[in-house]
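The figures that follow rest on heavy atoms only: side chains count, while hydrogens, waters and symmetry mates do not. Throughout, residue positions are numbered sequentially from 1 according to the sequence presented.
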Amino acid sequence: MSALRVDVSQNGSCIKNVDSSSSVEELEEYDFSRLPNRPRNLNLERQRSFDERSLTEMSLGLSPHPPSRAENFYRAFEHLDSVFSPGRRSGFNSPMSHYSHILNYEPHPMIAEAWDNIRRSLVYFRGQPVGTIAALDNSEEKLNYDQVFVRDFVPSALAFLMNGEPEIVKNFILKTLRLQSWEKKIDRFQLGEGVMPASFKVLHDPTRNTETLIADFGESAIGRVAPVDSGFWWIILLRAYTKSTGDTSLAERPECQKGMRLILSLCLSEGFDTFPTLLCADGCCMIDRRMGVYGYPIEIQALFFMALRCAMLLLKQDAEGKDILERIVKRLHALSYHMRSYFWLDLKQLNDIYRYKTEEYSHTAVNKFNVIPDSLPEWVFDFMPPHGGYFIGNVGPSKMDFRWFCLGNCIAILSSLATHEQSMAIMDLIESRWEELVGDMPIKVCYPAIETHEWRIVTGCDPKNTRWSYHNGGSWPVLLWLLTAACIKTGRPQIARRAIELAETRLSKDGWPEYYDGKLGRYIGKQARKYQTWSVAGYLVAKMMLEDPSHLGMIAIEEDKHLKPVLRRSSSWTI
């Protein structure tokens, strides 16, 4: 285990000293040797936190393996949040910002504008802030853009945590937890007890002078699909709050412990499944319209994996928690093996699939899902670079969706569902296919777009998801925070810096749109709302993480070596 000493000066700034086990290449983007020498008032020896323990160490008492080089990079910053009071860690007054002139990191004028937009989007319930509305655009019919969405609030919550304002996040966690306990019915069918709402709004009654929360569990959504991702984001956010504040009392509350158990009980229940992945309907996540992601979408599987790992760190090992913790351990082992083996695609694996035999029967089958090689899309052969890889969109019986999805791959990196080699390969792919995936505005929600006859079949002729628009190959600025976090975790912040600088050329001038259209993301989306809150928050979180990489600790979990299966090596894996 590497040692980290943090020297804190009187003004709250810091110098980080990493021992020889961290390479020069890993730290070259943050060269602190140029900082002036300062009196050392406090030396802190790095201690292993609860969430650094390996899964198997917790369950079986085994000791962990040494960290990888990329892990050393981000772990060098991960625990600095315990050194500084939250009030010191804002976008304008964080540890690094004291030396921004030395590091050539001047606060961008868009930061002040972003904070103003975020604060104007705040929603209050009985005098307390409980979330942020989806968009401030009053030029269009509000529809449900005046509601607080669980998934949409996550980047806003991270911004507030990074700025030392955790109360709104705590309020949000507790209010959505109350909504979870409501009876949930669509027509005459009752949803599972653990389902979290997709969104909620505050209804004001001026006559009675009362305020009421109204939740949507999918009964008002397009397609009437319950949000599978909401519960996972809630657990991930609870861990981020705990990690950022050091306050474990919220997660230890009986109602929070019960809430986590209810969410995970929905996913860990036994049934007819032969795979450890979750079977989902179209429209159950960020892509909340019909887009051919039914089955086992990568976004849900990656979020599921991360929620399981976060729950391992938050659940008490008492009588009620012990059983579900054992089930989590078993599922994590099975899920990590399945995803790393069957969802992973690189040049070698693509060539293997191209040569697959079909109709294999028995447990020795190589083509386990009976994928027909002729179903391989032509674009994937040109898209796959010599060095690089990614988790494909979906795997099921005789089905492989080869589309690249940003959110699922970034979460795979942050949760360490991707191995170190796979994480580096994903970043290699983004660099190699920058024009296709980033273009003029970061970053594509998926690639490529589906069009013509395939679009008619898959989307049902959806006029909002036309080619290179919205969920069908549109560019979403909110994904900037996930890209930045993945870049920092893999020790390649220069990729994030390039994407952020690209977004800064237009995002504010265009009025912070929800998404951009076109093959390069050159045009404001045809139905995009302006002043979309998570577009604002996504940019803000990306900037704050790049300025102070210690923020990454609240949203990233390092790889557990005991979850790593023996896989076939590929030439695209970079050591």
Side-chain angles (χ1 to χ4, degrees), residues 29-30 73-74 77-78 81 89-92 94-97 100 103-118 132 151-163 236-237 240 244 286 406-407 409-411 413-414 426-427 430-431 434 437-445 475-510 512-516 521 531-556:
E29 288 297 323
Y30 295 92
F73 175 85
Y74 93 87
F77 305 102
E78 185 178 8
D81 52 346
R89 305 181 72 245
S90 70
F92 298 98
S94 68
M96 281 192 178
S97 64
S100 59
L103 295 172
N104 296 319
Y105 192 98
E106 291 293 336
H108 197 281
M110 281 173 59
I111 294 177
E113 180 190 346
W115 272 116
D116 180 61
N117 286 326
I118 290 241
T132 51
R151 75 174 69 94
D152 290 38
F153 180 66
V154 171
S156 294
L158 295 176
F160 283 116
L161 289 174
M162 292 176 186
N163 203 43
I236 293 166
L237 187 56
S244 174
M286 176 185 174
C406 177
L407 194 152
N409 276 275
C410 286
I411 291 293
I413 291 174
L414 295 176
I426 292 170
M427 302 311 299
I430 293 173
E431 280 195 301
W434 185 266
L437 301 180
V438 180
D440 289 349
M441 178 58 65
I443 182 171
K444 292 293 181 191
V445 65
S475 300
W476 290 68
V478 62
L479 298 171
L480 196 58
W481 80 265
L482 284 161
L483 174 64
T484 300
C487 290
I488 295 173
K489 186 173 186 288
T490 53
R492 295 160 85 166
Q494 70 280 2
I495 300 177
R497 185 176 295 112
R498 182 182 175 190
I500 290 171
E501 289 173 353
L502 191 61
E504 286 174 339
T505 62
R506 290 191 56 187
L507 202 51
S508 175
K509 295 176 184 177
D510 292 340
W512 305 92
E514 180 182 11
Y515 63 95
Y516 286 78
Y531 301 100
Q532 185 83 9
T533 304
W534 72 352
S535 295
V536 177
Y539 164 76
L540 196 56
V541 170
K543 288 288 284 188
M544 295 169 81
M545 277 196 292
L546 197 59
E547 179 189 3
D548 182 357
S550 70
H551 290 311
L552 181 68
M554 70 176 73
I555 200 63

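Ring planes of Tyr515 and Trp476: parallel class, angle under 30° (limits at 30 and 60°).
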inquiry  = Pair Leu158, Ile555 - check side chain to side chain contact (heavy atoms under 4.5 Å, CB included), show working.
reply    = CA-CA 9 Å; Leu158 295 176; Ile555 200 63; 4.3 Å; yes
task = Starting from the C-alpha separation in whole Å, work towards a yes-or-no answer on side chain to side chain contact (heavy atoms under 4.5 Å, CB included) for Leu502 and Asp440.
result = CA-CA 7 Å; Leu502 191 61; Asp440 289 349; 5.5 Å; no
task = Step by step, work out the side chain to side chain contact (heavy atoms under 4.5 Å, CB included) result for Leu480 and Ile500.
result = CA-CA 7 Å; Leu480 196 58; Ile500 290 171; 4.0 Å; yes
Pair Thr533-Asp152, side chain to side chain contact (heavy atoms under 4.5 Å, CB included): steps then yes or no = CA-CA 8 Å; Thr533 304; Asp152 290 38; over 6 Å; no
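Remark: side-chain polar atoms of Ser535 are paired, donor with acceptor, to backbone N or O of Pro513 under 3.5 angstrom. Using a distance-only test at 3.5 Å, with no hydrogens or angles considered, no donor-acceptor pair links the side chain of Ser244 to the main chain of Ala240. At distances below 3.5 Å, at least one donor-acceptor pair connects side-chain atoms of Lys489 with backbone N or O atoms of Ile413. With hydrogens and angles disregarded, no donor-acceptor distance shorter than 3.5 Å links the side chain of Asp510 to the backbone of Trp512.
Remark: of the listed residues Trp534, Tyr516, Tyr539, Tyr516 is the sole one forming a side chain to side chain contact (heavy atoms under 4.5 Å, CB included) with Pro477.
Looking at Thr132 and Ser156, their side chains do bring a donor and an acceptor atom within 3.5 Å of each other.
Contact record, Leu237 with Ala157: CD1-CB, 3.5 Å, taken as the closest heavy-atom pair. Between Pro155 and Gly538, the closest heavy-atom pair is CB-N, 4.1 Å. Among all heavy-atom pairs drawn from Ala496 and Cys487, the shortest one is N-SG, 3.6 Å.
The distance from atom CD1 of Ile426 to atom CG of Asn409, rounded to the nearest 0.5 Å, is 4.5 Å. One distance of note links CD1 of Ile236 with CE of Met554; it measures 14.0 Å at 0.5 Å rounding. Remark: His108 NE2 to Glu547 CD distance equals 13.5 Å, nearest 0.5 Å. Distance check, rounded to the nearest 0.5 Å: CE of Met545 to CG of Leu483 gives 9.0 Å. Taking CG of Leu414 as the start and OG1 of Thr490 as the end, the distance is 9.0 Å to the nearest 0.5 Å. With rounding to the nearest 0.5 angstrom, the CG atom of Leu552 is 11.5 Å from the CG atom of Leu546.
Val438 places none of its side-chain heavy atoms less than 4.5 Å from the side chain of Lys444. Proximity of Leu482 to Cys406: side-chain heavy atoms (C-beta onward) are nowhere separated by under 4.5 Å.
The ring of Trp115 has its center closer than 6.0 angstrom to the ring center of Phe160.
Ion pairing of Lys543 with Glu504 is present here, as a side-chain N (NZ or NE/NH1/NH2) and a carboxylate O approach within less than 4.0 Å.
Cation-pi geometry between Arg498 and Trp434 is met: under 6.0 angstrom from the ring centre, within 45 degrees of the axis.
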